[in-house]
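Take a look at the structure below.
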Amino acid sequence: MCGIVGYIGHNRDIRIGLEALKRLEYRGYDSSGVAFYNKETKQIDSMRAVGKIVNLEEKMGGLDLKGSPVLFHSRWATHGNVTEENAHPHQDCKGNVFVVHNGIIENYQQLKDKLIKEGHTFTSQTDTEVIPHLIEKFFEGNLEEATRKALALVKGAYALGIIARDDPNKLVLAKYSAPLLIGIGENNEYLAASDPSAIITHTKNVVYLEDGELAILTSIPGGFSIEDYSRNPVKRAPRETEWNVEDAKKDGYAHFMLKEIMEQPKSIKDALRGRIVLEDGSVKLGGLEDIKEKLKEVERVQVLACGTASFMGKVGEYMFEEYAGLSSKGDIGSEFRYKKPVIDKKTLTVVISQSGETADTLAAVKEAKRKGSPTIGIINTMGSSIAREVEQGIYTHAGPEIAVASTKASTAQLAVLALLSLYLGRQRDLSLVMGQRMGKELLRLPELIKKVLERASDIEGIARKYENIKNLWVMGRKYNYPAALEGALKIKETAYIHAEGIAGGELKHGALALIDEDFPTIAIVPSDSVYEKMVSNIQEIKARKGPVIAIATEGNEDIKSTVDDVIYIPKTLEMLTPILSIIPLQLFAYYLGVLKGNDVDKPRNLAKSVTVE
Ligand code: F6R
């Protein structure tokens, strides 16, 4: 999704912003651009390029590019094709105001028609371009004044960075429903970014803007101020981001996706750290202290998320029902926001998001709050919009996830869902003994995951064998049905192969018609309460000559005679098996994608953080 980087401070090489912009490449983009105030010519210079950021870098090439303030942007097309004209920054008619924008301006067509009638000339097909022209209309020498007046006419979502030649010592920011933060550098330098990972090499001190706020950055001591659109000053102290530079490097792995898969013993350990109290068979979740009593009254759970996070939420449904005895239901954010959900203060809403910025999930949680439902977020990104929207939160602590396809963040979500079901269960009928068993088994997970990861080269071998497949089922039951949905999504994303997740019991209701010798199935078949049922489903496939790869429990030698290939996972509690079964699926998807020559870290057409509807 689009990325914003801004800088104001000394008149130094503007490539400082380029490095930061490159850190946002993982979010997905199709073109990029820069605008900066050139102190010698007293003009704003601007450059844009289609494709990778290196193309912009080449354009900037040998030029002596010093300036301040500076705006960089990476665009992920929503309105208008991927062209240089549509790339940001966009400018007004006079070359005075330059704007970068993340989000969507919903009423841009009406605004554009009106501005054209008033004599403005547009050069792009974007919704964004209305903003510099609106600011131009109101500009009388003060950039924030004109911005404030312009935004009063705008409907939609935006994170904006704005500079003006005729008010050159300012970088103005504005935010509504799209993330934006200020980084406090040294010696009166300030940065702006849509994602903290862009600027962590420069500063860890950040201030997040809230909706309806405008920030004015200047390069003087204490040089930033925040105010709402009615000019009321907002005081907000900087906070330290928990992410560090090492987290954002590949550490010798060929891809971030592989690095992040391999990091799972650590990310699970971090998600569990200090949270399990074995003597009480319970968990300590600091974020829930304030609503402890309210949670005792809850009778149902509503889980909300999108994509992979929604599949993790579906595993959560099974956990909450089995261990907390709470009726539970998952919805995807984009559907929930347009339904007429029947929820109330007795329904706990659990929202799951890696980025904490997914627009549909954010809208869904707002709707749940409006209905009086208490809300808990399972979020990876501290200070993100969803983390700030929910009543209470449990951070997953998986560290930054750079590859577009989610891996370590999603298994950390499962670990936290298990903790939450244990917490809610112990508030109800879950026994001390069962609580202790769950706690112990959770603590074993990092070691068990290491064992799965040791099989990476076997999994690569299996991926080679199936490299040319065109279609694939991933089949599971109970806890591993959502794991199958997730495995299929990973394979679609990284290998661009048509794959579908299916519940074993549904096979006979239609899907079996597709099976023949060219249509393989990955069957998740751990030795659990639905093992026999899954074996029957495998037999049904084998009887129709369909190849089967089984993900089975170590020690199950029998399965070998039934299927074509086996990937073993260690034994654990049934509720935790998805954490182990998803990992071979991640590796299978990764290796298939690499074998096909795909850009696995940045799959085509996808973005890391989906901040538009
Ligand atoms: C798939 C994937 C997406 C995200 C979804 C929600 O690998 O990463 O399906 O899970 O876009 O994103 P977050 O968790 O950031 O809300």
Which is it for S197 and D195 under the side-chain hydrogen bond (donor to acceptor under 3.5 Å, both in side chains) test, yes or no, and what are the steps along the way?
CA-CA 6 Å; S197 62; D195 180 328; 2.9 Å; yes

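- For residues 310-319, the pairs satisfying salt bridge (charged side-chain N to carboxylate O under 4.0 Å, His left out) are K314-E317, with sequence neighbours left out.
- Residue pairs meeting the ring-ring contact (aromatic ring centres under 6.0 Å, His included) criterion with at least one member in residues 375-394, sequence neighbours excluded, do not occur.
- Applying the ring-ring contact (aromatic ring centres under 6.0 Å, His included) definition to pairs two or more places apart or across chains, those involving residues 475-494 are Y318-Y479.
- Among residues at least two apart or in separate chains, there is no side-chain hydrogen bond (donor to acceptor under 3.5 Å, both in side chains) pair with a member in residues 429-438.
- The 12-atom threshold is not exceeded at NZ of K292, counting heavy atoms of other residues, nucleotides or ligands nearer than 6.0 Å.
- For the residue pair D331 / Q302, a side-chain donor-acceptor distance below 3.5 Å is found, with atom types taken as modelled.
- Remark: K451 pairs with no residue by the salt bridge (Lys or Arg N to Asp or Glu O under 4.0 Å) rule, at least two apart or across chains.
- Residues satisfying the side-chain contact (heavy atoms from CB on, under 4.5 Å) criterion with P547, sequence neighbours excluded, are Y466, P520, D564.
- Using a cutoff of 4.0 Å between basic side-chain nitrogens and carboxylate oxygens, E19 and R23 are not scored as salt-bridged.
- Remark: S373 engages T349 in a side chain to side chain donor-acceptor pair (under 3.5 Å) (not counting sequence neighbours).
- One finds a salt bridge joining K478 and E574 here, because a Lys/Arg side-chain nitrogen approaches an Asp/Glu carboxylate oxygen to under 4.0 Å.
- Each salt bridge (charged side-chain N to carboxylate O under 4.0 Å, His left out) pair with one or both residues in residues 482-498, not counting sequence neighbours, appears once here: E486-K490, K490-E493, K492-E500.
- Listed by first and then second residue, the ring-ring contact (aromatic ring centres under 6.0 Å, His included) pairs that reach into residues 574-613 are H255-Y590, sequence neighbours excluded.
- Heavy atoms only, all atoms of each residue included: V563 and I538 are closest at CG1-CG2, 3.8 Å.
- Applying the side chain to side chain donor-acceptor pair (under 3.5 Å) criterion to K52, with sequence neighbours excluded, gives no partner residue.
- One finds a salt bridge joining E554 and R455 here, because a Lys/Arg side-chain nitrogen approaches an Asp/Glu carboxylate oxygen to under 4.0 Å.
- F519 meets the ring pair (Phe, Tyr, Trp, His ring centres under 6.0 Å) test with W473; sequence neighbours excluded.
- Residues T347 and R300 have side chains that bring a donor and an acceptor to within less than 3.5 angstrom of each other.
- Interatomic distance, N480 CG to I524 CD1, rounded to the nearest 0.5 Å: 5.0 Å.
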I would like to know whether T396 and Q413 meet side-chain hydrogen bond (donor to acceptor under 3.5 Å, both in side chains); could you show each step before the answer?
CA-CA 6 Å; T396 41; Q413 288 162 356; 5.9 Å; no

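- Scanning for salt bridge (Lys or Arg N to Asp or Glu O under 4.0 Å) contacts around D528 gives an empty result, with sequence neighbours left out.
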